[in-house]
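Here the structure comes first, spelled out in structure tokens, and everything after it is commentary.
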Amino acid sequence: MIAKTYKQSGIRSLIILDSTEPHFVQTRLEGDLSKTLFLISSKSGSTIETNSHLSLILERLASQALDHRDHIIVITDPGSPLAHTAQENGWRVVLGDPQVGGRFSALSAFGLLPATLIGVDPANLIDDAAEMIATIHEPAVRIATHLAKHRYLYFVDTKGSLPGLADWIEQLIAESTGKNGNGLLPIALESTSPFNTAEKVDLSTIIDAPLGAQFILWEWVTALLGYIYGVDPFDQPDVQATKTRTLEVLGSAAEASSNSALTPIEELPLTIETHLKGREFLAICAFLDPMRDEKVTTLRDRLEKVFQVPVAFGWGPRFLHSTGQFHKGGPKSGVFISLTIDSDDALPVPGKDFDFARLIRAQAEGDRRALVESGSPVISVHLRGPAEIEKLLSLFA
């Protein structure tokens, strides 16, 4: 979000590696890495995605005879496993504040260090946030009070002045409030549609403020929403459920999805209609390549047009650390469509007995098990390749 906002300032290229889909990982790490600096960022220092990426990065650097000490900086909390690994390997380490949760970390080392390294002056963000603090009470209370009247809201930036803010707010609010059967599900949109079935919040008009001010404002709004909903906005108790189930699947000799009742593509419309009875929203959980398979995002509007309910979309495994908390801890009113895909490139995880293809399928299966255990229906669809995305979309033309 920071990189997109300041893209006109001649900043360095920023690549986000937040997926375990093997084709996506492969394309992010191919080519000459001699001019690439890797920021290995994890508060806990034990996230399976980050650790798997790190293993592959080290292998790729070694294959190009590059000294890993010149190409890796670690951002983590004090005393984490990653902090110890960094010390053992001689990597530069920047320690975060363990009292600040991950989704509240935009104005901490986790957000400001990458911003600084790509050429953004962090003082601008901090100064703007400080100015907002002086007058934050009235707008924060007003916005939180309005939002709390809703269960589902679309967030969109129609002017495009704050690209990515809706996605950030989606994680911030969903993971903070979706617990104890309560909470608000924000749905980030790039543009509005005549078929949208919930109220829209236009971020370009709700308050006129620069990015640093927006950060601190929405963090206050989220804390106030926690008070209104009667939940702790600073924990994420149900995120661990998927992590635990994923490790169970990886530890099994069986295929990751062997116990899943896969729904044939052609049966998906009727299956959705059957499960939606008595429920209020759909969520697409796409464990696909966010670049190659980007067209699948159009499924969101198509489903909303056909079924006339709010439809959320999340790329797996990224959404597991954001809206995934709301999926399991929030109101039991959703139907979840889990999409997985065959991969031509297994892409081994160095030092592990699994590859990235098995890892992402295990994450999808782990999420399915956690959702079912929480009382929610899951429709699992496996695509035999990118070509089947067209077949999937054609069902809801």
Side-chain angles (χ1 to χ4, degrees), residues 1-19 24 28 37 39-43 49-50 75 94 96 100-132 136 140 143 147 153-176 185-191 200-223 290-291 294 297 312-315 317-324:
M1 177 170 47
I2 295 171
K4 288 179 179 178
T5 300
Y6 289 91
K7 66 180 179 180
Q8 305 301 328
S9 306
I11 63 174
R12 297 179 180 87
S13 174
L14 177 69
I15 297 171
I16 304 296
L17 182 54
D18 62 354
S19 174
F24 181 84
R28 306 265 89 62
L37 176 65
L39 297 180
I40 312 301
S41 180
S42 170
K43 285 187 66 65
E49 295 99 316
T50 310
I75 314 176
V94 175
V100 180
R103 58 192 175 279
F104 290 87
S105 292
L107 293 174
S108 77
F110 290 90
L112 297 181
L113 177 60
T116 303
L117 291 174
I118 62 175
V120 175
D121 185 351
N124 293 331
L125 293 166
I126 295 173
D127 289 347
D128 290 339
E131 288 185 17
M132 173 57 75
I136 201 168
I143 295 171
L147 298 185
L153 283 171
Y154 291 116
F155 284 73
V156 63
D157 174 17
T158 57
K159 294 182 181 178
S161 56
L162 294 167
L165 183 62
D167 282 312
W168 181 75
I169 291 173
E170 183 181 69
Q171 176 189 10
L172 184 66
I173 293 180
E175 191 173 11
S176 299
L185 178 62
I187 301 174
L189 296 179
E190 290 191 2
S191 60
K200 302 173 194 68
V201 176
D202 190 339
L203 296 172
S204 62
T205 61
I206 192 170
I207 188 166
D208 184 17
L211 188 57
Q214 295 280 357
F215 282 148
I216 200 69
L217 170 66
W218 286 99
E219 289 176 4
W220 273 65
V221 167
T222 301
M291 301 293 289
E294 193 269 342
T297 58
F313 183 96
W315 292 108
R318 183 175 73 172
F319 78 85
L320 298 177
H321 303 274
S322 57
T323 53

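Computation of the quantities below employed the complete heavy-atom set of this structure, encompassing side-chain atoms and omitting hydrogens, waters and symmetry-equivalent molecules. Bear in mind that the values here come from a model prediction, so they are computed numbers and not experimental data.
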Okay, side chain of [X], backbone of [Y]: is any donor-acceptor separation there less than 3.5 Å?
{"X": "Asp18", "Y": "Arg318", "value": "no"}
{"X": "Lys43", "Y": "Phe110", "value": "no"}
{"X": "Arg28", "Y": "Ile16", "value": "no"}

Which heavy atom of [X] sits nearest to which heavy atom of [Y], and what is that distance?
{"X": "Glu219", "Y": "Ser105", "answer": "OE2-N, 4.4 Å"}
{"X": "Ile216", "Y": "Ala129", "answer": "CG2-O, 3.7 Å"}
{"X": "Ile118", "Y": "Ala3", "answer": "CD1-CB, 3.8 Å"}
{"X": "His321", "Y": "Pro317", "answer": "CD2-O, 3.7 Å"}

Inter-residue atom distance [X].[atom1] - [Y].[atom2], 0.5 Å rounding:
{"X": "Leu39", "Y": "Leu17", "atom1": "CG", "atom2": "CG", "result": "12.0 Å"}
{"X": "Glu190", "Y": "Thr297", "atom1": "CD", "atom2": "OG1", "result": "7.0 Å"}
{"X": "Asp157", "Y": "Asp202", "atom1": "CG", "atom2": "CG", "result": "7.0 Å"}

| Above 12 or not: heavy atoms from other molecules or residues under 6.0 Å from CH2 of Trp315? | yes

| task | Please check if any side-chain donor atom of Thr158 sits under 3.5 Å from a side-chain acceptor atom of Ser204, or the reverse. | result | yes

| query | Can you find a pair of side-chain heavy atoms, one from Leu112 and one from Ile126, that are under 4.5 Å apart? | reply | yes

| query | Would Phe215 and Ile2 count as a side chain to side chain contact (heavy atoms under 4.5 Å, CB included) if you check the C-alpha gap in whole Å, the side-chain angles of each, and the deciding distance to 0.1 Å? | reply | CA-CA 11 Å; Phe215 282 148; Ile2 295 171; 3.9 Å; yes

| task | Decide side chain to side chain contact (heavy atoms under 4.5 Å, CB included) for Leu147 and Phe155; before the verdict, give the C-alpha distance in whole Å, the side-chain angles of both, and the deciding distance to 0.1 Å. | result | CA-CA 11 Å; Leu147 298 185; Phe155 284 73; 4.2 Å; yes

